[in-house]
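Shown next, in C-alpha cells, is the structure this report addresses.
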Amino acid sequence: MMTAYEPKKIEPKWQQIWNDEKAFAATDDFTKPKYYALVEFPYPSGQGLHVGHPRPYTALDIVARKRRMEGYNVLYPMGWDAFGLPTENYAIKNHIHPRIVTERNVARFKQQLHSLGYSFDWDREINTTDPEYYHWTQWIFLKLFKAGLAYKTEMPINWCTSCKVGLANEEVVGGRCERCGGEVIRRMQTQWMLKITAYADKLIDGLDSVDYIERVKVSQKNWIGRSTGAEVDFAVENTDDKLRIYTTRPDTIFGATYMVVSPEHPFIDKYADRIENLAEVNAYREAAAKKSDFERAELAKEKTGVELKGLRAVNPATGRTIPVWTSDYVLMSYGTGAIMAVPAHDERDWEFAKKFELPIVEVVAGGNVEEAAYTDTGSGKMVNSGFLNGLEVADAKKAITAWLEENGLGHAKTNYKLRDWVFSRQRYWGEPIPIVKCEKCGYVPLPEEELPLLLPDVESYMPTDNGESPLAAMTDWVNTTCPCCGGPAKRETDTMPQWAGSSWYFLRYTDPHNKNALASPEALKYWMPVDWYNGGMEHTTLHMLYSRFWHRFLYDQGVVPCPEPYQKRTSHGMILGENGEKMSKSRGNVVNPDDIVREFGADTLRTYEMFIGAFELAAAWSTEGVKGCRKFLERVWKLQDMLTAEEGYSREMETRMHQTIKKVSNDFEALKFNTAIAAMMSLVNDFYRAGKVTRGEFRTLLILLNPVAPHMTEELWSLHFGEGRVYRQAWPKYDEAKTVEQTVEIALQMNGKMRGTMMIAKDAPKEEVLAAAKEALAARLEGMTLVKEIYIPGRIVNLVVR
RNA sequence: GCGGGUAUGGCGGAAUAGGUAGACGCAACGGACUUAAAAUCCGUCGGCAGCGAUGCCGUGCCGGUUCGAGUCCGGCUACCCGCACCA
C-alpha cells in the first residue's frame, strides 16, 4: 500500500543525504565541460528570507540541476553580501556588534535556503565581511589606486541627514535616501572616488559581446549616456578670453542667440568686476546653491535666470555679439557648465527665450519655431546658416565641426552622463580603505602584505555629525606610521560602500579558499565568465555597472582572463502581495516562505513560484494557486498506484513522452518554467485518463520534474528504482520524429472562418486532404464558386469561395 | 518630457515562423464516493441567440495589409517600471 505524501518527512531527509554526499559540489577537474550559474547573493537582513528570494534561486537551481544531468561540471554557489547599513543601524540600536548580528542573520538565511533544497555548493560559501574575503576587496582597491583610478577629492555630495552618510547619485531616489527615505542635502565632503568614467566607452562597447536581455543593455547605455557633439569656444567681448561650451547640435550654431553659464561657473567670479548687476547675479547664485539637485529638477517647469549685464560673447559663426546669462537649468557637472542657447531647436532654450524675450532664429526648416522648438534631426534642411544652408542636419554637423577645427574654434567631443563613483562611506560596517595619510608623502597605500587591514572594534558605531566615520574615534588604530617614510601618519577612517564586496564576488567563488590570490589563474581561466547570471532589474545600473567596471579593470591588469564577467544576464519579476501590491510590512501583505514550507512543503513552494507566471514579469501571490501546485505533486505521488511493470513507453503514450521531453527541455532553457510545468501537468492528466503509467514513463517524468521538485522525485525514485539518485541520471533525450502525431486534426475554414475540423494522416498528399475537406464542407459549397484552395500541412484548409 | 514594459475569460496565465484563441492552473457549477463534510475521482466552464446540430460576436481603441491578424503595418488610449533641465 502506498504511503501518504509527507513533505515534512521526506524533505529534511533528502537535504541531509545531499549534504552528506556532497551531491552538488563543483569539482576541480578542469578537463570537464563547465557551467557557471549565478544568482545574486543576498544581504542577510534581520527579516529572514522573503518569498521573492526563491524565485530566481529556484529558476537557476533548475538550470543548474539540468546541466549536471547533461554532464557538466556545474558551479552554482551562494554567499552573503553582509556589510551594510541595516545591520549597523541594528547594532547601534541594540548595542550588539554588527559581526554578531551578521552571524545570526546568516545562520537564519542559511537554514532557510537549506529548507528549500537548493543545489548550492556550500563548500564555496563566501561572506563579504570575512577578513579572508575583504583582504581581496582591499587588494583590488590598492590596484585601482596604483592605477590612478582611485583619488580623493572634495566635492559636493549627497548627504543623507538621517543616516549621516554620503550617498552615490545612484542611491538618491527622488531627492531622498534610497535606504531610509531621509532627506538628502548637498554638502561638501572629502571623498574617495573611483574613476569609472575612464571606462565609460569600454562599458558601453562591451555590451555588444554579451547576451543580456535587451532592457538591461538599454538601461546601462542610457545610464552611461554617451553623446557626441562638439566643444566650441565663444570669444568674450573686450577680452582675449574665451567661454567654452559643449553642444550635441553644432549644426545649429548660427541660431545661437545667447549663452548660459551654470550659477557655479567660475566665469562669473572671474569677471565679477565687469558685471553691472552683480548683486542681482549673486543673489540668484545663492538661491540656486541652496536648492538640492532634486529641487532644481522639481522646479524645472518654470525657467529662471539672470543676465550677466556688461558681459557679451561673440557667436563664432555669425560674428554677432550675444548676451550671456546664468541659469540653473545649466548644470556645472555636465559638459563645460556653459551652453550656447539655440532657442529655435532646443526645448529648454526655447522656454527660456520665450520667458525673457530673447531672439529665436530658425536654422533648420521644417517646424514653426514661434510655436515650439523644432528638435527633429532626421528631416529638414539648414537655413539662415551661411555656408551650411541647404544641408541636411547630419551633413551640417560634419561640415561645421570640420570648419570649427580648421579655424581653431572648437573640436568634436564625446560626453557622458556617467559620473565618477563616490566610494567613501562615513560608516563603521564596511571594508576599511587601506590607505594612510602622511604629512610628507600624502596618501600612501598599505603594502599588500599588510592586508587584510582589519576592521577594529569600536565602542560606538554611531556616525558623527561632523561627517567622520566612527573609526575616527579609535586613535590607537588611526595613528600609525607611514609605510613610505616611517613618519607619523593617520589611517583613512572612511570605509567602502556595500557595492565593493559585490563587485567581484563571482570571482571568489571559483577558488574561495585561496590565501595567495583572489583566485588562482587556473580556476579563473576554467570557470570565467559566468555562463548565466540572473538578478533583479534594480541592479542593472548599479551593481551590474560597478562589477563590470571592476572586472574590466582586472582584465586590463591581467588578473582575470576575459573582459566581461557575465556571458548572459536575465532578470526576474517581483513577487507581489495577494492584493497585487508590493509586499511590505507596512502593507501587511508579506508571505513568509517558512510558513509555506511548513504547510505545503518546499517542493510545492518551488513548483508554485515557477508556475506563477512569466518569469520576467511581476506576479501576485495566490494561496489558492499554491494549493493547486500541491495537488499536482500529490497526483504525481499517486501515480505509484497506477504503475505497470513495463520498462519502456507504452505505444499510446510514446508520442506524448517525446513531446513532453522536448517541451520541458526547451522551456527550462528559455526561462518558461510555467509552460514546462503545464506540460508535465498535462502529461500526468493523460496518465490518469489512461489509468496507468509504465515504469519507463514514470522514470522519465521523475527526471523531468526533479529540477523543480527535487525531494519528492528522489523519494519516489528510491521507492521504485532502487539506490541510485535522480540527480545523477542523464537528462532524457527525445526523438524529433517521434514528437509528431501520425494523425492530426486540421481546421476547415471557408473565407478564413472556422467551419469545422477533420482528422487526417499527417503525411496525406495535398490533393487527398483538399478532396476530403471539400467533401466535409460539401453542403456549404453548394452554389458557391471555389476561387482558391489553401492547405497548410498539419494546420488548416481554407477554401476561398464566392 | 525621454526610455523600457504591459493590455487576452470571474482570476493567474497559454498560443515556435500570421494558420483551430483561451493550453495549464485557480475559482465556480454538476456528478460519483460518503450518514455528512473535507479530501479524492469524473465532467461542464468567453459572451449573446437557440431545445438542438448550429449561428453571430470576441485578445485595450480606430483604421489598414492578407484567403486568414492576439501575432504584421499606421494612428491612439490606459496602466506599470526606470531616468529626469545631461545642452
Side-chain angles (χ1 to χ4, degrees), chain A residues 170 173-174 213-219 221-223 225-227 229 245-249 252 260 293-294 296-301 303 327-331 333-342 345-349 351-352 375 415-419 537-538 540-541 573-574 580 608 611-614 616-629 631-632 634-635 638 663 666 670 672 674-685 688-689 691 745-758 787-801:
Chain A
E170 294 88 326
V173 176
I213 49 173
E214 196 52 28
R215 57 196 168 127
V216 171
K217 285 193 182 184
V218 169
S219 301
K221 280 183 191 160
N222 290 345
W223 192 264
R226 179 159 69 188
S227 69
I245 61 97
Y246 174 72
T247 179
T248 56
R249 294 295 305 276
T252 62
V260 187
D293 281 345
F294 179 65
R296 278 195 183 190
E298 268 302 275
L299 302 169
K301 287 136 206 155
K303 293 276 182 291
S327 170
D328 63 7
Y329 85 89
V330 174
L331 308 175
S333 50
Y334 184 78
T336 63
I339 63 159
M340 66 173 198
V342 185
H345 305 288
D346 181 281
E347 277 172 38
R348 296 150 301 180
D349 297 346
E351 262 176 63
F352 193 83
T375 57
N415 261 330
Y416 305 89
K417 290 185 195 173
L418 186 70
R419 313 286 163 80
M537 272 311 281
E538 68 273 22
T540 34
T541 45
M574 239 189 304
Y608 174 64
F611 188 62
I612 191 167
E616 316 90 272
L617 299 180
W621 187 266
S622 156
T623 304
E624 293 303 326
V626 177
K627 286 184 196 164
C629 288
K631 204 157 106 182
F632 164 60
E634 295 269 8
R635 278 164 73 82
K638 282 184 292 197
K663 176 83 179 149
N666 293 343
K672 293 165 84 174
N674 51 341
T675 47
I677 292 168
M680 290 189 274
M681 287 173 166
S682 231
L683 181 68
V684 170
N685 290 344
Y688 272 71
R689 225 160 277 141
E745 186 185 47
I746 67 166
L748 300 178
Q749 294 187 346
M750 281 174 67
N751 293 343
K753 282 188 183 289
M754 278 296 292
R755 287 292 178 260
T757 61
M758 72 180 185
V787 181
K788 199 171 173 185
E789 299 166 7
I790 294 153
Y791 172 50
I792 307 295
R795 295 268 183 198
I796 209 161
V797 169
N798 189 14
L799 302 178
V800 184
V801 297

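First the proteins, then the strands, lettered A, B, ... as listed; each starts at 1. Heavy atoms only: backbone and side chains are in, while hydrogens, waters and symmetry mates are out.
The backbone N or O of Ser622(A) lies less than 3.5 Å from a partner atom in the side chain of Tyr608(A), making a donor-acceptor pair. Counting only distance, with no hydrogens or angles, the side chain of Tyr688(A) and the backbone of Arg635(A) share a donor-acceptor pair below 3.5 Å. Between the side chain of Asp346(A) and the main chain of Thr375(A), no donor-acceptor pair closer than 3.5 Å is present.
Here the nucleotide nearest the side chain of Thr675(A), chosen from G3(B), A87(B), A23(B), is A23(B). Out of G19(B), U6(B), C24(B), the shortest distance to the side chain of Leu617(A) is found at U6(B). Closest to the Val218(A) side chain, of the nucleotides A87(B), G4(B), C67(B), is G4(B). You'll find that the side chain of Asp328(A) is closest to C85(B), out of C85(B), C57(B), G19(B). Of the candidate nucleotides C41(B), A15(B), C83(B), C83(B) has the atom nearest to the side chain of Trp223(A). Nearest nucleotide to the side chain of Ile792(A), out of U20(B), A87(B), G19(B): G19(B). Out of G25(B), U40(B), G3(B), the shortest distance to the side chain of Lys631(A) is found at U40(B).
Separation of the P atoms belonging to G10(B) and G22(B) is 16 Å when rounded to the nearest angstrom. For C81(B) and U65(B), the P atoms lie 39 Å apart once the distance is rounded to whole Å.
Summarising the geometry, the separation between CG on Asn222(A) and P on G5(B) is reported as 12 Å, rounded to the nearest angstrom. Between the CE atom of Met574(A) and the C1' atom of C80(B) there is a distance of 10 Å, given to the nearest Å. Computed from coordinates, the Lys627(A) NZ to C24(B) P distance equals 22 Å when rounded to whole Å. When rounded to the nearest whole Å, the span between CZ of Arg755(A) and P of A53(B) equals 16 Å. For the pair Tyr329(A) OH and A84(B) C1', the interatomic distance rounds to 17 Å; values are reported in whole Å. We find that CD1 of Ile790(A) is positioned 12 Å from C1' of G18(B), with the value rounded to whole Å. Atom pair Tyr416(A):OH and C83(B):P shows a separation of 22 Å (rounding to whole Å applied). Look at CG on Asn666(A): it is 13 Å from P on U16(B), rounded to the nearest Å.
Of the residues near RNA chain B, Glu347(A) and Lys788(A), the one whose nearest nucleotide (by heavy atom distance) lies more toward the 5' end is Glu347(A). The 5' end of RNA chain B is approached more closely, in terms of each residue's nearest nucleotide, by Asn674(A) than by the other of Asn674(A) and Ser622(A).
Heavy atoms of Gly335(A) sit nowhere under 4.0 angstrom from any nucleic acid atom. Residue-level contact check: Ala341(A) touches neither bases nor backbone, having no heavy atom under 4.0 Å from any strand. Across all strands, Ser227(A) comes closer than 4.0 Å only to sugar-phosphate atoms, never to a base (heavy-atom distances). Note on Asn798(A): a base of the nucleic acid sits closer than 4.0 angstrom, heavy atoms only. Within 4.0 Å of Lys672(A), counting heavy atoms only, lie sugar-phosphate atoms of the nucleic acid but no base atom. Residue contacts for Ser682(A): at a heavy-atom cut-off of 4.0 Å it reaches the sugar-phosphate backbone alone, with no base atom in range. Across all strands shown, Phe611(A) has heavy atoms under 4.0 Å from base atoms, whether or not it also approaches the sugar-phosphate. Among the atoms of the strands shown, only primed sugar atoms or phosphate atoms (P, OP1, OP2) are found under 4.0 Å from some heavy atom of Ile612(A). Among the protein residues, Arg689(A) comes within range of no part of the nucleic acid, since none of its heavy atoms lies under 4.0 Å from any strand. Within the 4.0 angstrom heavy-atom criterion, no nucleotide atom of any strand lies near Asp349(A). Using a 4.0 Å heavy-atom distance criterion, Arg635(A) is classed as a sugar-phosphate-only contact. Glu624(A) comes within 4.0 angstrom of the backbone, heavy atoms only, and of no base. Contact annotation for Lys638(A): backbone-only contact, meaning every heavy-atom pair under 4.0 Å involves sugar-phosphate atoms and none involves a base.
Distances shown here put a side-chain N or O of Asn685(A) below 4.0 Å from the OP1 or OP2 atom of G25(B). Between C80(B) and Arg215(A), no contact under 4.0 Å exists linking OP1 or OP2 to a side-chain N or O. Phosphate contact (OP1/OP2 of U54(B), side-chain N/O of Lys753(A), threshold under 4.0 Å): absent.
Scanning all heavy atoms of the two residues, the minimum distance from Ala341(A) to Val260(A) falls at CB-CG2, 4.5 Å. Nearest heavy atoms, Ala614(A) versus Asn674(A): N-ND2, 3.7 Å.
The environment of CD in Glu347(A) is sparse: at most 12 heavy-atom neighbours from other residues, nucleotides or ligands sit within 6.0 Å. Shown here is Met574(A), whose CE atom has no more than 12 heavy atoms of other residues, nucleotides or ligands within 6.0 Å.
For U20(B), the base has a donor-acceptor partner in the side chain of Glu745(A) [N/O atoms by modelled type, under 3.5 angstrom]. Evaluation of atom-type donor-acceptor distances gives a pair under 3.5 Å for the side chain of Lys303(A) against the base of C85(B).
Remark: Lys217(A) does not engage Glu214(A) in a salt bridge, criterion side-chain N to carboxylate O under 4.0 Å.
A cation-pi arrangement, defined by a distance under 6.0 Å to the six-membered ring centre and an angle within 45 degrees of its axis, is absent between Lys303(A) and Phe352(A).
Qualifying salt bridge (Lys or Arg N to Asp or Glu O under 4.0 Å) partners for Asp349(A), counting only residues two or more places apart in sequence or in other chains: none.
Within 90° of 0 lies the glycosidic angle of G9(B), which makes this nucleotide syn.
Looking at RNA chain B, the stems built from 3 or more consecutive Watson-Crick or G-U wobble pairs, each pair with its key distances under 3.5 Å, are B:1-7 with B:77-83, B:10-12 with B:24-26, B:28-32 with B:40-44, B:46-49 with B:54-57, B:60-64 with B:72-76.
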